[in-house]
Undergrad: 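Quick one: this structure, given as structure tokens, is what I'll be asking you about.
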Amino acid sequence: MWCWSKRNAGMREVYRAGTGALWILCLGWLCLMVDAQMKIPPETVQQWAVAFGKQIAALSSKYSGALLLQKKYKDVESVVKIEEVEGQELVKKFAEEMEEMLGRKMKSVKFDYYNAMLVNTVDEDGNAIELGGEFSLEENEHFNKLPVSTIMSDIQVPTNVYNKDPDILNGVYMSEALNDVFVDNFQKDPTLTWQYFGSATGFFRLYPGIKWTPDENGVVTFDCRNRNWYIQAATSPKDIVIVVDVSGSMKGLRLTIAKHTINTILDTLGENDFVNLIAYSDYVRYVEPCFRGTLVQADLDNREHFKLLVEDLDVKGEGNVRRP
């Protein structure tokens with residue numbers, strides 16, 4: 001025990017001696033550094049600063065393209081002129097432009113339009129309903145004696161599309177300028193009949209404006225996106241094979257939804273498209289055997305023929321597909 005304590009005491013003495021020597025070395029090194037710094041002439045420091053500045057200038061000139069900009073400015077210096085600008089006037093003009101731009105945006109958000117189904121419609125209190133309002137209509141011989149407005153177009157929106165949807169409102173607002181084009185076209189050529197614009201969002205701008213009559217259930221099924229002229233303009237010719245499951249698992253609502261989907265697809269096809277319809281359960285068959293192994297033109301007659309066949313589809317068997 002005594003030997004262990006003596007040994008540790010000796011180690012502490014060695015440690016203290018080593019630490020003292022290290023401090024002496026550090027202080028000596030710092031003194032040498034200070035002494036060396038004091039001996040650097042100011043002229044040398046100035047030379048270093050000048051050399052460093054030249055290197056910075058060379059780098060900035062090389063990578064900033066300053067010389068190229070100066071050359072291009074000299075090329076157009078003869079046609080460029082500097083005018084003094086009044087700061088307050090510039091800020092005032094900028095503020096007016098910003099106010100005008102924000103005003104247009106607010107107008108587009110709050111924008112209303114004449115809905116063809118709601119024009120000249122009032123509520124129980126005799127007030128015009130939203131998107132309705134007074135819309136002047138007069139019978140016109142040129143348009144089969146229909147009441148029309150030759151000074152204004154209006155908007156038709158299908159029942160399954162929300163008529164206040166932001167995409168609808170923005171699209172109607174952006175196409176509002178077409179109204180002046182329609183009127184000008186009709187004035188230049190009175191033999192023109194209907195002019196219209198169909199949007200991908202579903203609204204249909206029609207000139208001259210009319211009162212659109214829904215069916216007996218109050219539903220408007222007309223959708224411009226399903227019309228041949230729209231489809232042919234918006235898409236390229238397509239070859240389509242529709243395959244429908246008529247196994248027992250499709251009984252009830254599933255088959256009803258499948259039939260509706262097929263009819264909707266058929267409505268989107270035009271005369272430039274070709275189509276065929278295949279049904280399967282425990283075997284595969286062509287819905288129309290006469291069209292076996294081929295695609296037929298999706299004209300109106302063939303589309304209607306397919307729709308009749310689709311209505312007669314019935315479920316049977318299991319969905320175990322085998323080659324016929």
Side-chain angles (χ1 to χ4, degrees), residues 100-123 127-215 218-237 267-272 300:
E100 182 181 355
M101 181 190 70
L102 294 175
R104 289 199 304 269
K105 290 185 177 294
M106 291 178 62
K107 182 181 178 181
S108 65
V109 172
K110 299 179 180 179
F111 179 74
D112 287 334
Y113 60 91
Y114 286 109
N115 188 302
M117 196 174 75
L118 302 177
V119 294
N120 298 333
T121 303
V122 295
D123 58 18
N127 299 319
I129 64 174
E130 189 178 19
L131 301 181
E134 185 177 353
F135 194 76
S136 178
L137 298 172
E138 296 180 359
E139 288 189 3
N140 192 301
E141 190 77 23
H142 185 64
F143 296 96
N144 300 321
K145 295 185 178 180
L146 286 174
V148 299
S149 171
T150 55
I151 61 173
M152 183 71 67
S153 62
D154 58 4
I155 304 297
Q156 179 268 337
V157 181
T159 301
N160 63 342
V161 177
Y162 178 44
N163 56 24
K164 293 284 285 185
D165 184 272
D167 290 337
I168 296 292
L169 294 178
N170 289 333
V172 172
Y173 177 71
M174 295 298 293
S175 66
E176 189 178 16
L178 287 175
N179 187 74
D180 295 335
V181 176
F182 291 157
V183 174
D184 186 59
N185 289 341
F186 185 64
Q187 290 176 349
K188 291 179 179 178
D189 185 2
T191 63
L192 289 175
T193 53
W194 303 102
Q195 302 178 63
Y196 43 81
F197 167 79
S199 167
T201 56
F203 76 85
F204 180 64
R205 181 178 288 277
L206 178 64
Y207 175 87
I210 63 170
K211 170 71 174 178
W212 199 282
T213 304
D215 61 18
V219 176
V220 177
T221 58
F222 177 87
D223 191 330
C224 65
R225 295 170 293 183
N226 293 333
R227 310 304 292 180
N228 281 335
W229 55 265
Y230 182 93
I231 295 169
Q232 292 176 6
T235 63
S236 57
D267 285 336
T268 65
L269 302 180
E271 295 185 355
N272 294 327
L300 180 60

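Computed from a predicted structure; not experimentally measured.
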Undergrad: As an exercise, state the distance from CD of Gln156 to CH2 of Trp212, rounded to the nearest 0.5 Å.
TA: 4.5 Å
Undergrad: According to salt bridge (charged side-chain N to carboxylate O under 4.0 Å, His left out), who are the partners of Asp165, at least two apart in sequence or on a separate chain?
TA: none
Undergrad: List in chain and number order the residues that pass side-chain hydrogen bond (donor to acceptor under 3.5 Å, both in side chains) with Thr201, two or more places apart in sequence or in another chain; answer none if no residue qualifies.
TA: Ser199
Undergrad: Treating Asn127 as the side-chain partner and Asp123 as the backbone partner, does any N or O pair qualify as donor plus acceptor under 3.5 Å?
TA: no
Undergrad: Evaluate the side chain to side chain contact (heavy atoms under 4.5 Å, CB included) criterion for residues Thr150 and Val148: first the C-alpha distance (whole Å), next the side-chain angles of each, then the deciding distance (0.1 Å), finally the verdict.
TA: CA-CA 6 Å; Thr150 55; Val148 299; 4.3 Å; yes
Undergrad: For the side chain of Ser149 and the backbone of Gly209, is there at least one donor-acceptor N/O pair under 3.5 Å apart?
TA: no
Undergrad: Atom CG in Asn179, atom CZ in Phe182: separation rounded to 0.5 Å?
TA: 8.0 Å
Undergrad: How would you list, by chain and number, every residue that makes a side-chain hydrogen bond (donor to acceptor under 3.5 Å, both in side chains) with Thr121, sequence neighbours excluded?
TA: Lys211
Undergrad: Tell me every residue that passes salt bridge (charged side-chain N to carboxylate O under 4.0 Å, His left out) with Arg227, counting only those two or more places apart in sequence or in another chain.
TA: none
Undergrad: How long is the gap from CG on Leu300 to CG on Leu269, to the nearest 0.5 Å?
TA: 12.0 Å
Undergrad: What is the distance from atom CG of Asp154 to atom CE of Met117, rounded to the nearest 0.5 Å?
TA: 12.0 Å
Undergrad: Could you give the side-chain donor-acceptor pairs of residues 132-147 under 3.5 Å, partners two or more places apart or in another chain?
TA:
residue, atom, partner, partner atom, Å
Asn140, OD1, His142, N, 2.8
His142, NE2, Pro190, O, 3.2
His142, NE2, Leu192, O, 2.7

Undergrad: Partners of Glu271 by side chain to side chain contact (heavy atoms under 4.5 Å, CB included), sequence neighbours excluded?
TA: Gln297, Asp299
Undergrad: With sequence neighbours excluded, what pairs up with Leu118 under the side chain to side chain contact (heavy atoms under 4.5 Å, CB included) test?
TA: Asn115, Ile129, Leu131, Asn163
Undergrad: For Ser175, enumerate each residue passing the side chain to side chain contact (heavy atoms under 4.5 Å, CB included) test, keeping only those at least two apart in sequence or located in another chain.
TA: Leu178, Phe197, Phe203, Arg205
Undergrad: Partners of Tyr162 by ring-ring contact (aromatic ring centres under 6.0 Å, His included), sequence neighbours excluded?
TA: none
Undergrad: Scan for side chain to side chain donor-acceptor pair (under 3.5 Å) pairs involving residues 181-197, sequence neighbours excluded, and state none if there are none.
TA: Asp184-Lys188, Asn185-Gln195, Asp189-Thr191
Undergrad: Mind checking what makes side-chain hydrogen bond (donor to acceptor under 3.5 Å, both in side chains) contact with Asn228, not counting sequence neighbours?
TA: none
Undergrad: What's the spacing between Ser236 OG and Asn272 CG if we round to 0.5 Å?
TA: 10.0 Å
Undergrad: How about Asn226 and Thr268: do any of their side-chain heavy atoms sit closer than 4.5 Å?
TA: yes
Undergrad: Has Tyr114 got a side-chain atom pairing as donor or acceptor with Ile155's backbone, closer than 3.5 angstrom?
TA: no
Undergrad: So which heavy atom on Phe204 is nearest to which on Cys224, and how close?
TA: CD1-CB, 3.6 Å
Undergrad: Measure across Ile210 and Val119 and return the closest heavy-atom pair with its distance rounded to 0.1 Å.
TA: O-CG2, 4.1 Å
Undergrad: Can you tell me how far apart CG (Leu206) and OG (Ser153) are? Round to the nearest 0.5 Å.
TA: 8.0 Å
Undergrad: Is the backbone of Pro158 close enough, under 3.5 Å, to the side chain of Asp223 for a donor and an acceptor to pair up by distance?
TA: no
